[in-house]
Amino acid sequence: MPTAAEVKKRIETAIPGSEADVTSDDNVHFSACVAAAEFAGLSLVEQHRLVYAIFEEGELGGSIHALALTTEPR
Amino acid sequence: MTDQPENPLRESLAEAISSNEVILFMKGTPEQPMCGFSARTCAALAATETEFAAVDVLADPRIRQELSSLSNWPTIPQLFVKGELVGGADIVGQMYESGELAAVLGAPAPDGIDPLPETAEPSSAPPLQIENRLS
């Protein structure tokens, strides 16, 4: 099971310059707030897609049962 | 070549999305959501007093698979308005709170915005959640 710190690192590695606050009480349900310059000018759907794309197929809904996501351009 | 569509499920999903102005793909039904995220999204739609079509993706695992490949969106729920993906539970919740959701739905602007319940659990006794046993 991934930890919040691992999920944070994966997001920040995949989106250079981003800052991710990730929390989880059980390492299954995660909550992430991601700020990235890359989000500027993108719709919310496009911003979330960038984050979702970091994870492998089946991972969201699988080992990461839920990822509550907030994104903001910075 | 045949007259049969190559992927009838995908075509019927595309058809459902284009022929319903507001359509929500969710786990469970609006009356009995099977997941907190789906419940929360239904609550946001209900608060804007918008009628919407709902599809229970738990009815058949292939629905979720085809939908995600069609929409390029990995999670459920998914809200489509006028054929466009508006987002999942987080985006819908955020847009509800900013008042944007009512605008996208063409609903009258709300007088005030009631906060959605923090934990949107199914209102009745939760039935067996098979997906939870898989993770």
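Chain naming here is simple, since letters A, B, ... match the order of the sequence lines and numbering starts at 1 in each.
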Asker: Count the heavy atoms of every other residue, nucleotide or ligand shown that sit under 6.0 Å from CD of B/E49, and state whether that count exceeds 12.
Answerer: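 For B/E49, atom CD is not crowded (no more than 12 foreign heavy atoms under 6.0 Å).
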Asker: Taking all heavy atoms of B/Q94 and all of A/T70, pick out the closest pair and write down the distance.
Answerer: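 In terms of heavy atoms, the two residues are closest at OE1-CG2, 4.2 Å.
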Asker: So, for A/H48 and B/D90, which heavy atoms are closest and what is the spacing to 0.1 Å?
Answerer: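 Of all heavy-atom pairs spanning A/H48 and B/D90, the closest is CE1-CB, 3.9 Å.
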Asker: Quick one: what part of B/S71 sits under 4.5 Å from any heavy atom of chain A, side chain, backbone, both or neither?
Answerer: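 B/S71 touches chain A through backbone heavy atoms alone.
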Asker: Select, from A/L69, A/L60, A/T71, the one with the greatest count of heavy-atom pairs under 4.5 Å involving chain B.
Answerer: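 Greatest number of close heavy-atom pairs with chain B: A/L69.
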Asker: If you count the non-hydrogen atoms of other residues, nucleotides and ligands that lie under 6.0 Å from CD in B/E97, is the total more than 12?
Answerer: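 Yes, the 6.0 Å shell around CD holds more than 12 heavy atoms from other groups.
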Asker: Counting neighbours of CD on A/E6 that are heavy atoms of other residues, nucleotides or ligands and sit closer than 6.0 Å, is the number greater than 12?
Answerer: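 Atom CD in A/E6 is packed in, count exceeds 12.
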Asker: What heavy-atom pair brings A/V45 and B/V86 nearest, and what distance separates the two atoms?
Answerer: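 Heavy atoms of A/V45 and B/V86 come nearest at CG2-O, 3.0 Å.
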Asker: Would you say that more than 12 heavy atoms from the other residues, nucleotides or ligands in this model lie under 6.0 Å from the CZ of B/R62, or not?
Answerer: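 Counting other residues, nucleotides and ligands, CZ of B/R62 stays at 12 neighbours or fewer.
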Asker: Are the side chain of A/R49 and the backbone N or O of B/W73 linked by a donor-acceptor pair below 3.5 Å?
Answerer: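 Pair absent, no side-chain N/O of A/R49 close to backbone of B/W73.
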Asker: Need one label for A/L67: side chain, backbone, both or neither, based on atoms under 4.5 Å from any heavy atom in chain B.
Answerer: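 The backbone, not the side chain.
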Asker: Do other residues, nucleotides or ligands put more than 12 heavy atoms under 6.0 Å from A/D26 CG?
Answerer: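 Above 12, so yes.
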